[in-house]
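Have a look at the structure below, then the notes.
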Amino acid sequence: MITSVISNTAKEIFNLKYSVQLSEKSFFPIKTKSEFDGDYTLVMFPLLSFSKNTPQELAKFLGDELKNKLDFITDYQIIKGFLNLKISGKYWIKYNIEFDENSCKIQNENPLKIVIEFSSPNTNKPLHLGHIRNNLLGVSLSNILTFNNNEVIKVSLLNDRGIHICKTMVAWEKWGNNITPESANKKGDHLIGDFYVKFQTEYDNEIKNLIKTGIPENEATEKSELLCEAKKMLKKWERGNKKVVELWSMLNSWVIDGFNETYQKLGVTFDKIYYESETYLKGKDIILRELSKGNIILENDNSVTIDLTEQGLDKKILLRSDGTSVYITQDIGTAVDRFKELKFDKHFYVVGNEQIYHFKVLREVLKIFGYEWFDKLEHFSYGMVELPEGKMKSREGKVVDADDLIEEMINTADALSQELGKIDKSDQNYNDIIFKIAMGALKYFILKVDPKKNMLFDPKESIDFNGNTGPFIQYTYTRINSIINKAYNENIKFDNQIDYDIMLKDKEIELIKELNEFKNVVNDSAKTLNPALIANYTYNLAKNFNSYYQDTPIIKSDSDEKTKKFRLKLSQNVALVIKTALGLLGIDVPEKM
RNA sequence: GGUCCGGUAGCUCAGUUGGACAGAGCAACGGCCUUCUAAGCCGUGGGUCAUGGGUUCGAAUCCCAUCCGGAUCACCA
C-alpha cells in the first residue's frame, strides 16, 4: 500500500536524523486537497517540537529524502507547513494495469470466530422497517467481517413463546373461525399480526369498560378476562398441554413461513436458528446455582435479584417471585450455552439502542458469575428508524410494514423503468432486474446512514432512485458493463501488455487512487463495524466515474489502441470494485438497466 | 433526577484517529442527448457546524458548562 510505504520511509528518515522514535502514525499521509498540486500530503506542524527547523526547512529535507528513496515520488511542493508529494504517472498506470480481484482482498493475521446474532423477531406480528434495518445491518456486517477473513456464524433467536404469543392464540380461537393463511389468502405473519392487534383493541376496550365501573386502572388489568385467558394459555403451554401446544405450533409455523418469504426477498439467511421455546429454561439453573455462592440475593418474596450499584447500574431482578424467568435470565442461559457450543472469539448482538442498558447488565452479571469470556460479548447497537410523527408503534398500527414497503419499491422501480423506456418488459430478465433495482434502492437507503444514529423515514416521500442512491451506483455499473460488452463485440481485448507511455488525465488518477483506497475502507468498516463507510465510498467512486465517462471516450475514441485498452481496464476495475462493495452491503448489481 | 446517544444548508445525510477556503443528494433555478445507456453530466443560489468558554501552530472533530431532542433506569421483551 503506497501510503504506508510513504509513512514508513518518512518515519525512518526522520527518526534517524533527529534521533527520536516517532511512530508511523505521525507521518501518515493525507490526500492532497484538489486545489493544490500533488497526491499525498505530509503535515509538518506536529513534527516541529522534535526539530529546530522551520516547517519549510523540514519539508524540504523530508521532500528531498523521500524523492531520493522512493522512485514513485517525482516531485514535491511546500505550501506553508504542508509537504505535497507528487506520485509518478507510471506508478498509477502500473497499478491500474495490474489491478484484479486479488487487489481487493484483505490480509488478516488474526482471524476470529465471530457469532452475529441478528433479526430475532417475535412471532406474533409481521416484520417492519425497524426489522429491515436490523437484518440489513446484520447481513452487511457478516459480509464485511467474512471479507476480512474472519469465520462468521450468523444466528437468529426466534422469540416464539411467551405471553405475547398466547394473546394471538386466544384471539385466533375466539374470533378466528378456524381461518388459515390459505383460506384468508394472506401471508401467515400478517394474519397472525391481525389477531395480535385484535387482541390489543379488545383488551383496551375491556379495560376502559372496567375503569368506567369504578375499578382503578391497576386493578383493571388484573381483572381483565382476556389477559387472564392469555395467562392461562401460557401456563398450559408451559405444562405441555397437548391441545395448546398443537395450536401454538400451527400458528407459529404460519408466522415463520411468512418471515421466510420476507427474508428471501431481503436476501437474509442464517447459519443457525435458535428457538426461545427450546432455550428459555436454560438460565434458571445457572441462577439457582449462583444463589449458593452469595453473589445474588434471595428476596423475602422469593424473587432473586443482583445488586449492580457498585458497577454504576441498578438492582436487577433475575427470577420472578413465582420462580419464572425474565428476559435477562434467558439471555444468560443462551449466552452460556452458546459459548459452550461455539467457543467464539467474539459475539455480536445486533439489537436496537433501546437495549443498551440490558446488554450492559448482561455482561456485568456474567462477569460476576465468573465467566471470563463475558467481554467477548458485544452489543452492536443501532439507532431507531423514526417516522415524521416519531417512533414506530406496532400496537397503534404506526408502522411501515416490510412486505408493503418492498412491494412498493418494486412497483416504483417498474413504473420508473417504463417511464424511462429502459428495459423491454418482454426481456426474460425484466422482473429480476426490477427487483434488484428496487432492493438496491431500499438497502442503500438504509445502509448509507451511520448505524448508531437514528434515521428518519418519511412514507410520503418515497425512496429515491436518483442521486446518492443504490440505483445510481447500479446504473454506473451497467454503463461500464455495456462498454465491456461492446468492446467484446468489437474484439478489443485488454491484454496486459500495455506499455506505460500513456497520457493520464486527472480524473483517471483520481479514480485509480480511489481504487487503491478500497481495502482501507473495508478495513475501517470492519474495525468500526460501519457499513455506511463502504456505501459512501462506493457512491463517490460511481460519481467520479460518471463524471469521467461524460467527457472521456473509453473505446469509441480515435485515440491509440493502448489508451483505449488502458481506459477499458480502468472501467473494468471500477466495475469490479462497485460490484464487490455493493456485495458487501448485500446489494446485487443488474447487468443492464 | 442518574446514565447513554445525538444537534452540520429548507429537508435527508457525509465529514473515524485534530490539518489547508465545511461536502453530497433531494428540493429551486439555468445549461447539456445524430456520440460507449440522460436512473447521467455541468453550473447558480443556499451555513454563526446548537450556544458559550477552554486546549494549540490549527477545532465541526478533543475538554468543560449550558440549551434542545431521543433512549434508558420494569417481577415487559
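Note on naming: letters A, B, ... go to the chains in the order of the sequence lines (proteins, then strands), and numbering restarts at 1 for each one.
Straight-line distance between the P atoms of C73(B) and U55(B): roughly 40 Å, to the nearest whole Å. Separating the P atom of A14(B) from that of A24(B) is a span of 16 Å, rounded to the nearest Å. Across the P atoms, C49(B) and A59(B) are found 12 Å apart, a figure rounded to whole Å. Atom C1' of U16(B) sits at a distance of 10 Å from the matching atom of U61(B), rounded to the whole Å. On the C1' atoms, U17(B) is 22 Å away from C13(B), given to the nearest whole Å. For G23(B) and G45(B), the P atoms lie 14 Å apart once the distance is rounded to whole Å. The separation of G10(B) from G47(B), taken at their C1' atoms, amounts to 12 Å, rounded to a whole angstrom. Atom name C1', nucleotides A38(B) and G70(B): the rounded distance is 42 Å, in whole Å.
Counting any heavy atom pair closer than 4.0 Å across all strands shown, Tyr357(A) reaches sugar-phosphate atoms only and no base atom. When heavy atoms are screened at a 4.0 angstrom cut-off, Asn530(A) is found touching no nucleic acid atom at all. Residue contacts shown for Ser381(A) are absent, as no nucleic acid heavy atom lies under 4.0 Å away. Within 4.0 Å (heavy atoms only), Met384(A) reaches no atom of the nucleic acid at all. When heavy atoms are screened at a 4.0 angstrom cut-off, Lys25(A) is found touching base atoms of the nucleic acid.
Atom NZ of Lys86(A) has more than 12 neighbouring heavy atoms from other residues, nucleotides or ligands inside a 6.0 Å radius. Heavy-atom contacts from other residues, nucleotides or ligands closer than 6.0 Å to NZ of Lys232(A) number 12 or fewer. More than 12 heavy atoms of other residues, nucleotides or ligands lie within 6.0 Å of CG in Asp551(A), so this atom counts as buried by the packing criterion.
Ring-plane geometry between Tyr203(A) and Phe199(A) is classed as parallel, the angle between the planes falling under 30 degrees on a 0 to 90 degree scale with a further cut at 60. In this pair, Phe518(A) and Tyr537(A) present their aromatic rings tilted. The plane angle is within the 30 to 60° band. Tyr349(A) and Phe359(A) have tilted rings, their planes meeting at an angle from 30° to 60° on a 0 to 90° scale.
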Task: Ser119(A)/Asn135(A) under side-chain hydrogen bond (donor to acceptor under 3.5 Å, both in side chains): CA gap, chis, key distance, verdict - done: CA-CA 5 Å; Ser119(A) 204; Asn135(A) 283 292; 2.7 Å; yes
Task: side-chain hydrogen bond (donor to acceptor under 3.5 Å, both in side chains) between Asn159(A) and Tyr275(A), intermediate numbers included - done: CA-CA 7 Å; Asn159(A) 298 116; Tyr275(A) 298 86; over 6 Å; no
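Proximity of Lys33(A) to the phosphate of A20(B): a side-chain N or O atom is located under 4.0 Å from OP1 or OP2. Phosphate proximity of C41(B) to Arg479(A): absent, as no side-chain N or O sits under 4.0 Å from OP1 or OP2. For A74(B), the OP1/OP2 oxygens have no side-chain nitrogen or oxygen of Lys315(A) closer than 4.0 Å. For the OP1/OP2 pair of G25(B) and a distance below 4.0 Å, the side-chain nitrogens and oxygens of Lys543(A) include at least one atom meeting the criterion. One finds a side-chain N or O of Asn466(A) lying less than 4.0 angstrom from the OP1 or OP2 phosphate oxygen of G40(B). In this structure, Tyr327(A) does not reach the A77(B) phosphate: none of its side-chain N or O atoms is under 4.0 Å from OP1 or OP2. Residue Thr469(A) has no polar side-chain atom (N or O) positioned under 4.0 Å from OP1 or OP2 of G25(B). The phosphate of A77(B) (OP1 or OP2) has no side-chain N or O of Arg161(A) nearer than 4.0 angstrom. Residue Thr528(A) places none of its side-chain N or O atoms closer than 4.0 Å to OP1 or OP2 of U16(B).
Between the C1' atom of G40(B) and the CD1 atom of Ile483(A) lies a distance of 13 Å, rounded to the nearest Å. Whole-Å rounding puts the Glu461(A) CD to C13(B) P distance at 11 Å. In this entry the distance linking CG of Leu533(A) with P of A14(B) reads 10 Å, nearest Å. Rounded to a whole Å, the CE atom of Met44(A) is 16 Å from the C1' atom of G18(B). One interatomic measurement links the two molecules: CD of Glu35(A) to C1' of C21(B), which rounds to 7 Å at whole-angstrom precision. Going from atom CG of Asp450(A) over to atom P of C13(B) covers 11 Å, rounded to whole Å. Distance Asn468(A) CG to C11(B) P: 18 Å, rounded to the nearest Å. The CG atom of Leu456(A) sits 17 Å away from the C1' atom of A14(B) (whole-angstrom rounding).
Residue side chain Phe472(A) fails the stacking definition with respect to G40(B), as its ring centre and the base's six-membered ring centre are not both under 5.5 angstrom apart and under 30 degrees in plane angle.
Checking A39(B), U37(B), U16(B) against every side-chain atom of Leu416(A), the shortest atom distance belongs to A39(B). With U72(B), G25(B), A39(B) as the candidates, the nucleotide lying closest to the side chain of Ile437(A) is A39(B). With C41(B), U35(B), U72(B) as the candidates, the nucleotide lying closest to the side chain of Lys556(A) is U35(B). When the nucleotides C36(B), A14(B), C41(B) are ranked by their closest atom to the side chain of Asn536(A), A14(B) comes out on top. Picking from C73(B), C36(B), G19(B) the nucleotide with the shortest atom distance to the side chain of Tyr549(A) gives C36(B). Which of C36(B), C73(B), G19(B) sits closest to the side chain of Asp314(A) comes down to C73(B). Nearest nucleotide to the side chain of Phe45(A), out of A77(B), C57(B), A39(B): C57(B). In the set U3(B), U12(B), C36(B), the nucleotide with an atom closest to the side chain of Lys360(A) is U3(B). Of the listed nucleotides (G25(B), G6(B), A20(B)), A20(B) has the atom at the smallest distance from the side chain of Thr41(A). Taking only side-chain atoms of Pro471(A), from C-beta outward, the nucleotide of G40(B), A39(B), A77(B) with the closest atom is A39(B).
Between Ile328(A) and Tyr548(A), the one whose closest nucleotide on RNA chain B sits nearer the 5' end is Tyr548(A). Between Thr32(A) and Ala532(A), the residue anchored closer to the 5' end of RNA chain B is Ala532(A), taking for each the nucleotide with the nearest heavy atom.
In this structure, Arg161(A) forms a cation-pi arrangement with Tyr280(A), its terminal cationic atom sitting closer than 6.0 Å to the ring centre and no more than 45° off the ring axis.
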Open item on the list: Reading 5' to 3' and counting Watson-Crick or G-U wobble pairs with both distances under 3.5 Å, write the dot-bracket notation for RNA chain B, | for bases paired outside the strand.
Closed with: (((((((..((((.....[...)))).(((((.......))))).....(((((..]....))))))))))))....
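A centroid separation of 6.0 Å or more is found between the aromatic rings of His164(A) and Tyr196(A).
Below the 3.5 angstrom threshold, one finds a donor paired with an acceptor across the side chain of Lys422(A) and the base of U37(B).
In C5(B) the O4'-C1'-N dihedral to the base is more than 90° from 0, which defines an anti nucleotide.
Nearest approach of Ser325(A) to Leu319(A), heavy atoms of both residues: CA-CD2, 3.9 Å.
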